[in-house]
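Structure, as structure tokens:
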Amino acid sequence: MIDRPRPGRPKADLVLSDAERDQLQRWSRRAKSAQALALRARIILACAAPGATNKQVAADVRVMEHTVAKWRRRFVDNRLDGLLDEPRPGRPPSILLDKVEEVVVATLEGTPKNATH
């Protein structure tokens with residue numbers, strides 16, 4: 001009898017383009033990015049290493065194996081878009097996402113008429 005590892009469910013091959021690798025590294029290093037997105041980026045970067053198993057990546061990144069499998073599968077299916085948060089159910093936001101930055105900058109940096117703050 002030869003002792004071999006159990007043949008689990010086959011995992012999809014994960015190959016990154018240079019542009020994808022650059023974007024993932026930016027997401028994982030940015031201090032202001034959402035920490036969930038940074039974690040997902042670190043998981044995918046670790047999965048792209050040659051010979052990386054889900055078990056090894058999970059131990060390195062300190063998450064559960066099924067979390068690694070989930071994000072690997074989503075990345076293979078949808079590439080970078082698969083790592084972004086999906087829309088949540090409920091009332092749509094009153095301010096569109098592209099306007100949020102404008103509103104925050106205007107609120108924090110602008111001075112109202114006839115006022116000091």
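Because the structure is predicted, anything quoted here is derived from the model rather than measured.
A salt bridge links R40 with D85: the closest approach of a Lys/Arg side-chain nitrogen to an acidic carboxylate oxygen falls below 4.0 angstrom.
For the atom pair CG (D60) and CD1 (I43), the distance works out to 11.0 Å, reported to the nearest 0.5 Å. The line from CG of L14 to CZ of R72 is 5.5 Å long, rounded to the nearest 0.5 Å. With values rounded to the nearest 0.5 angstrom, R42 atom CZ is found 6.5 Å from Q35 atom CD.
One N or O on the side chain of S28 and one on the backbone of L24 form a donor-acceptor pair closer than 3.5 Å. In this structure, the side chain of E102 does not engage the main chain of K99 through any donor-acceptor pair within 3.5 Å.
M64 and L45 are assigned to two separate hydrophobic clusters, defined by single-linkage of ILVMFWY side chains at heavy-atom distances under 4.5 Å.
Side-chain atoms of L16 and I44, non-hydrogen and from C-beta on, do get closer than 4.5 Å to each other.
Taking all atoms of both residues into account, the shortest heavy-atom contact from C47 to V68 is SG-CG1, 3.6 Å. Residue V61 comes nearest to A46 through the heavy atom pair CG2-CB, 4.4 Å, listed as atom of the first residue, atom of the second, then distance. What you find for W27 and A41 is that their closest heavy atoms are CB-CB, 4.0 Å. Of all heavy-atom pairs spanning Q56 and G51, the tightest one is OE1-O, 3.9 Å.
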Inset, instruction - Begin from the C-alpha positions of L80 and F75 and carry the test side-chain contact (heavy atoms from CB on, under 4.5 Å) through to its verdict. - result: CA-CA 6 Å; L80 291 174; F75 182 81; 3.9 Å; yes
Legend entry - Stepwise side-chain contact (heavy atoms from CB on, under 4.5 Å) test for E20 and Q23: CA-CA 5 Å; E20 288 172 336; Q23 182 64 46; 5.8 Å; no
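Around the CG atom of D18, the shell of radius 6.0 Å holds no more than 12 heavy atoms that belong to other residues, nucleotides or ligands.
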